[in-house]
Novice: 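Got a structure for you, written out below as structure tokens; questions coming shortly.
Note: hydrogens, waters and symmetry copies are ignored here, and every other heavy atom, side chains too, is used. The first residue of the sequence shown is numbered 1, and numbering continues consecutively from there.
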Amino acid sequence: PALAPAAHPPTGAVAQLPVLFDSGQSSRPLQWRPQVVGHVLRLSARPRWTWSFGDGATLTTQEPGGAWPQGSVAHAYRRAGAVGVTVRAEWAGEFTVDGLSPYPVREPISQESRLPLQIGEGRAELTRTAMAQ
């Protein structure tokens, strides 16, 4: 499946508050069962994601992330500014031929995508309220 990263909120992210990220993929293993020259192949692949948040912080997880309230992939930026978030999906797999042994797929399949993100600055404002009489 295509890697389609998203940030939540998509606009209006503010420094010091967590931004939630979503890879746009599922954590469920993918299954294929093609027939090749009269043999039944079963291929299974499971993803892992590595996030680089653009400020030096990284996270590797087996969770795809998601919008609130899911929140398994979250990051709070310390400063306002433009950042480039990169996510890399690596799919490790195994296969069987006619039901014999699972054999590992030697090299993982990798995907990478970049997500530009603007982090704003929020300011607290103290106000005085009227006292109840």
Novice: We want to know whether Thr58 and Ser52 form a side-chain donor-acceptor pair, criterion being a heavy-atom distance below 3.5 angstrom.
Specialist: no

Novice: Is it the case that over 12 heavy atoms from other parts of the model lie below 6.0 angstrom from the CZ atom of Arg42?
Specialist: yes

Novice: Going by the side chain to side chain contact (heavy atoms under 4.5 Å, CB included) test, name the single residue among Val14, Asp55, Leu17 that passes it with Tyr77.
Specialist: Asp55

Novice: Is it true that Gln111 and Trp91 share a donor-acceptor pair across their side chains at a distance under 3.5 Å?
Specialist: yes

Novice: Is the shortest side-chain N to carboxylate O distance from Glu125 to Arg123 below 4.0 Å?
Specialist: no

Novice: If we count only N and O atoms by modelled type, under 3.5 Å, do the side chains of Glu63 and Thr61 hold a donor and an acceptor together?
Specialist: no

Novice: Inspect the surroundings of CD in Glu107 and state if more than 12 heavy atoms from other residues, nucleotides or ligands are less than 6.0 Å away.
Specialist: no

Novice: Rounded to the nearest 0.5 Å, what's the gap from CG on Leu115 to CG on Leu117? Could you check?
Specialist: 6.0 Å

Novice: Could you check Asp98, Val97, Thr96 and say which one makes a side chain to side chain contact (heavy atoms under 4.5 Å, CB included) with Val40?
Specialist: Asp98

Novice: Say whether Leu100 and Leu43 are linked into one hydrophobic cluster, either directly or through other cluster members, by side-chain heavy-atom distances under 4.5 angstrom.
Specialist: yes

Novice: Are there more than 12 heavy atoms of other residues, nucleotides or ligands under 6.0 Å from atom CD1 of Ile109?
Specialist: no

Novice: Would you say the side-chain atoms of Ser44 and Gln31 include a donor-acceptor pair closer than 3.5 Å?
Specialist: yes

Novice: What's the separation between atom CD in Gln62 and atom OG in Ser27, rounded to the nearest 0.5 Å?
Specialist: 9.0 Å

